[in-house]
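Structure first, commentary second.
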Amino acid sequence: MTLANGRPYLAIPGPSVMPDRVLAAMHRASPNIYEGALHDLVASLWPDLREMAGTAGDVAAYIGNGHAIWEAANANIFSKGERALVLATGQFGLSWAASARAMGIEVELLDFGKSAPVDLDRVEAALRADRDGRIKAVLTTQVDTASTIKTDIAALRAAMDATGHDALLAVDCIASLGCDEYRMDDWGVDVTVAASQKGLMTPPGMGFIWFSEKARRATKGADLRTPYWNWEPRADASEFWQYWAGTAPTHHLYGLREALTMIVHEEGLPAVWARHDCLARAVWAAFDGWSQGNPEIAMNVADPAHRARAVTAARFGAPHATRLRQWCEGKAGVTLGIGLGMAAPHEPAYHGFLRLAHMGHVNAHMTLGALAVMEAGMIALDIPHGSGALAAAAGVVAAGA
Ligand SMILES: *Cc1c(COP(=O)(O)O)cnc(C)c1O
């Protein structure tokens with residue numbers, strides 16, 4: 001028998017859970033795109049998007065997912081043959097590097113592996129070695145969604161500044177925006193990219209770039225900047241269509257308006273960060289409990305200081321991760337994330353890792369429910385695990401609330 005027939009919970013790191021209010025806001029007839037209410041709605045989004053990233057700088061929006069927004073950033077920052085220093089702490093830095101390389105950008109890759117944070121000494125050394133200033137920008141993720149490593153962006157900026165190198169800092173916040181604390185201007189970030197379908201609680205299909213005045217000046221005339229990707233008219237449109245380089249993503253805009261109202265105006269960004277922090281720590285407490293005496297089970301990031309608040313990756317020992325995911329979805333209606341790019345060379349695909357997302361429209365009963373379902377699955381499948389995990393998670397919620 002199955003106990004999955006209720007409201008399903010997609011606990012993967014994107015697309016995330018969409019609030020009913022966001023869905024309801026999108027359920028309407030097509031609006032006039034030439035004048036009227038839609039124009040006012042778009043004008044109201046820009047200040048809230050700035051607040052999301054913590055910047056007084058510019059923001060440009062695109063119809064496209066995270067992969068599109070990487071290309072948008074590449075096209076606006078670089079000319080062909082210029083160099084990017086890309087920091088990889090899992091999968092997503094590698095993918096950003098690949099997209100840059102394919103566009104004719106020279107890529108210097110610092111790969112820190114699958115479970116270690118950025119080594120700032122190596123970043124400093126790479127910048128100091130660049131005596132003729134060929135590195136135009138450092139590209140990094142705030143949270144790598146596969147490894148679930150978080151990069152300390154303020155510390156990275158300080159390390160860059162210590163070298164005297166004038167490279168721009170561009171940060172992929174696709175997984176982390178609206179989950180992990182982020183302060184673009186305070187931390188000296190020049191370019192930030194994000195997408196709609198994770199912390200922003202809106203369907204996949206929109207991407208955003210925030211850029212500083214310094215970034216605008218340093219990238220003037222970048223020759224990879226084709227008309228569609230050019231961030232200038234999108235950030236400062238003299239005609240409405242220029243925001244999108246064509247037809248507006250009408251229904252996404254209604255959904256995004258509702259999501260930003262919930263995040264920025266109702267709950268408030270600091271409370272949103274605090275909620276994600278508490279839920280993340282509840283998840284970590286559960287994993288700590290399950291891994292007691294069971295080295296097969298372990299969070300991928302050992303040091304809590306380097307863990308994301310949006311999603312947690314854990315090793316379960318092949319094939320337990322896959323069996324557990326299948327059980328949770330089929331028997332209890334909770335879909336866990338696959339382990340992305342985490343398998344050791346001798347392991348089949350991703351059977352040894354899984355991810356539990358706690359990003360976006362997620363509250364205590366959802367996270368505690370997902371954890372309890374996972375424990376039920378471990379019992380049903382005879383997966384050895386330590387005791388006291390759920391009590392520990394409940395304790396974190398009790399203390400946090
Ligand atoms: C999800 C994600 C991407 C890719 O976004 P898509 O919308 O799937 O193209 C890139 N970077 C990070 C950090 C992500 O979490």
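Counting convention: from 1, in listed order, for ligands and their atoms alike. These values consider heavy atoms only, across backbone and side chains, with no hydrogens, waters or symmetry-generated copies.
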Next item on the list: Examine the side chains of Thr312 and His358 and answer whether a donor and an acceptor come within less than 3.5 Å of each other.
Entry: yes
Checklist line | Residue that, paired with Arg157, satisfies side-chain hydrogen bond (donor to acceptor under 3.5 Å, both in side chains) out of Asp186, Asp152, Asp190 | finding: Asp190
Margin query: According to side-chain contact (heavy atoms from CB on, under 4.5 Å), who are the partners of Ala170, at least two apart in sequence or on a separate chain?
Written below: Ile77, Trp96, Leu139, Val191
For a distance cut-off of 3.5 Å, show me each N or O of ligand 1 paired with any protein N or O, plus the separation.
from     : atom 1 : to     : atom 2 : distance (Å)
ligand 1 : 7 (O)  : Gly66  : N      : 2.7
ligand 1 : 7 (O)  : Gln197 : NE2    : 2.7
ligand 1 : 9 (O)  : Asn65  : OD1    : 3.4
ligand 1 : 9 (O)  : Gly66  : N      : 3.1
ligand 1 : 9 (O)  : His67  : N      : 2.8
ligand 1 : 9 (O)  : His67  : ND1    : 2.5
ligand 1 : 11 (N) : Asp172 : OD2    : 2.7
ligand 1 : 15 (O) : Thr145 : OG1    : 2.3
ligand 1 : 15 (O) : Lys198 : NZ     : 2.6

Notebook entry, point to check: So does Arg7 pair up with Asp20, basic N to acidic O under 4.0 Å?
Noted result: yes
Notebook entry, point to check: Is there a salt bridge (charged side-chain N to carboxylate O under 4.0 Å, His left out) between Glu106 and Arg134 once you walk through the steps?
Noted result: CA-CA 10 Å; Glu106 226 183 80; Arg134 299 197 50 217; 2.9 Å; yes
Notebook entry, point to check: Heavy-atom distance under 4.5 Å between the side chains of Arg234 and Trp229, does that happen here?
Noted result: no
